[in-house]
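Step one of this worksheet: look at the structure below.
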Amino acid sequence: MISTSFYTEDRYLLRGQLFCTEKAIQGRVIVAGATGVPQAFYRRFAQFASEQGFETLTFDYRGIGQSKPETLEGFEMNLLDWGKQDLAAAVQFMSKDDAPLFIVGHSYGGHAFGLLPNHQKVTGAYIFGTGAGWHGYMPLFEQVKVLTMWNIVLPLLTWWKGYCAWNLLGMGEDLPKNVFKQWRYWCRFRHYFFDDPTMDGIEKLFQSVQTPMVAANALDDLWAMPESRDAFIQHYSNAPLTRLDLSPKLLGGKIGHMGYFRKNAMPLWQASLDWFTAINKENKAI
């Protein structure tokens, strides 16, 4: 594991970890993480992938983890920056001619891929737990919890701190104020930002993607049930797309929204790497 850093097009410095492989390189992988989840959460997957011959990069989006400023109070950014700028810079950093480039995404990572200006450099994307975010796709008890969080708890914390103090709830990294506001607003819509009238044209970005994709969602992922996934992922209308509904039994009875990358999730990781290998073989045969 090597600490690394790279700049975005708008000159923001991002910090990451590069997990090199000692085997003949099969490909390169970028982990596009979930909202408020630091890159360290994905280290087990990255290490596993590197041991299978896939050089893997984890990194923190701007405002998060090792890529955050000294204080988030007054820090201005757009939630779309994580895809259009940050993931795009990671793609540029990892793209080389000697091996294909793949993306493993988690939740927001499935949003970010469609925002990329350079998605043509990516050979395949395997996305876990991506959904539209609307509470109506969730079970009733989870709806109540989420609406309380959106409308009472987090607004109060954000007003108090000047940023979304997500960490105080033990739910992840603190979030810049604008990220929280945009995230909460778009989660009011059945199809996330595609239903926002001020985002007219964003669907064209997703329609331009022709990269093969897998969208895998656990049946007990209360934040991203398969119906929620389908509401979002349908906008990748020109990408060869495989939808997978994952039984919690695959990992001993529980996956949830975060279990895709916990230490017992190796069967899911192996499935993604096997799919990358198969895509690579298909490309070589053409």
Minimum heavy-atom separation for [X] and [Y], please, with both atom names.
X: G133; Y: S228; answer: N-OG, 3.6 Å
X: C164; Y: L154; answer: SG-CD2, 3.8 Å
X: F261; Y: G105; answer: CZ-O, 4.3 Å

Expected output: side-chain [X] to main-chain [Y] donor-acceptor under 3.5 Å:
X: D196; Y: W186; value: no
X: Q182; Y: L79; value: yes
X: R184; Y: W150; value: yes
X: Q143; Y: M138; value: yes
X: Y163; Y: T71; value: no
X: S5; Y: R15; value: no
X: D230; Y: E227; value: no
X: N167; Y: D174; value: no
X: W82; Y: L87; value: no
X: K249; Y: L246; value: no

How about [X]: does its [atom1] atom have over 12 heavy atoms from other parts shown lying under 6.0 Å from it?
X: R188; atom1: CZ; result: yes
X: M199; atom1: CE; result: yes
X: E9; atom1: CD; result: no
X: K254; atom1: NZ; result: no
X: Q210; atom1: CD; result: no

Exercise for the section: Could you tell me how the ring of F128 sits relative to the ring of Y126: parallel (under 30°), tilted (30 to 60°) or perpendicular (over 60°)? Expected result: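 Ring orientation, 0 to 90° scale: tilted.
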
Handout entry: Parallel, tilted or perpendicular: rings of H235 and H191 (30°, 60°)
Key =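 Geometry flag for H235 against H191: perpendicular rings.
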
Problem - Same apolar cluster: Y185 and L156, side chain cutoff 4.5 Å - result: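 Y185 does not cluster with L156.
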
Practice task
Show your working on side chain to side chain contact (heavy atoms under 4.5 Å, CB included) between F93 and F59 and close with a plain yes or no.
Solution key: CA-CA 11 Å; F93 178 73; F59 73 100; over 6 Å; no

Problem - Candidates F206, Y236, F189 - the one meeting ring-ring contact (aromatic ring centres under 6.0 Å, His included) with F194 - result: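 The single option meeting the ring-ring contact (aromatic ring centres under 6.0 Å, His included) with F194 is F206.
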
Handout entry: Contacts of type side-chain hydrogen bond (donor to acceptor under 3.5 Å, both in side chains), residue N178, not counting sequence neighbours
Key =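 side-chain hydrogen bond (donor to acceptor under 3.5 Å, both in side chains) list for N178, sorted by chain: E76.
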
Practice task
List in chain and number order the residues that pass side-chain hydrogen bond (donor to acceptor under 3.5 Å, both in side chains) with Y192, two or more places apart in sequence or in another chain; answer none if no residue qualifies.
Solution key: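 Listed in chain order: nothing, the list is empty.
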
[X] and [Y]: side chain donor to acceptor below 3.5 Å:
X: D221; Y: Y260; answer: yes
X: E55; Y: S50; answer: no
X: Q39; Y: D60; answer: yes

Handout entry: Remaining members of hydrophobic cluster (4.5 Å side-chain criterion), F141
Key =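 Cluster partners of F141: none, it stands alone.
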
Problem - Hydrophobic cluster (4.5 angstrom, side-chain heavy atoms) - remaining members for I25 - result: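 I25 shares its hydrophobic cluster with no other residue.
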
Hey, what do you get for [atom1] ([X]) to [atom2] ([Y]), rounding to the nearest 0.5 Å?
X: R62; Y: L13; atom1: CZ; atom2: CG; answer: 10.5 Å
X: T35; Y: Y61; atom1: OG1; atom2: OH; answer: 7.5 Å
X: F54; Y: C20; atom1: CZ; atom2: SG; answer: 15.0 Å
X: I255; Y: L219; atom1: CD1; atom2: CG; answer: 8.0 Å
X: T148; Y: H135; atom1: OG1; atom2: NE2; answer: 11.0 Å
X: I103; Y: I30; atom1: CD1; atom2: CD1; answer: 5.0 Å

Practice task
Determine whether F102 and V104 make a side-chain contact, defined as any pair of heavy atoms from C-beta on separated by less than 4.5 Å.
Solution key: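 No, their side chains stay 4.5 Å or more apart.
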
Handout entry: Pairs satisfying side chain to side chain donor-acceptor pair (under 3.5 Å), at least one member in residues 262-273, at least two apart
Key =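 Every pair satisfying side chain to side chain donor-acceptor pair (under 3.5 Å) with a residue in residues 262-273: Q270-D274.
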
Handout entry: side chain to side chain contact (heavy atoms under 4.5 Å, CB included) between F19 and E51, intermediate numbers included
Key = CA-CA 9 Å; F19 294 75; E51 291 169 356; over 6 Å; no

Practice task
Could you check R28 against L101 for side chain to side chain contact (heavy atoms under 4.5 Å, CB included), going step by step and ending with a plain yes or no?
Solution key: CA-CA 5 Å; R28 292 186 170 84; L101 179 62; 3.9 Å; yes

Practice task
Go through the steps for V179 and I64 under the test side chain to side chain contact (heavy atoms under 4.5 Å, CB included), then give the verdict.
Solution key: CA-CA 11 Å; V179 166; I64 299 296; over 6 Å; no

Handout entry: Verdict with reasoning, H106 to Y42, per side chain to side chain donor-acceptor pair (under 3.5 Å)
Key = CA-CA 10 Å; H106 181 206; Y42 304 102; 2.7 Å; yes

Side-chain polar contacts of residues 111-122 - donor-acceptor pairs under 3.5 angstrom, sequence neighbours left out - could you list them?
from, atom 1, to, atom 2, distance (Å)
H111, NE2, G131, O, 2.8
N118, ND2, A88, O, 3.0
H119, NE2, S208, OG, 3.3

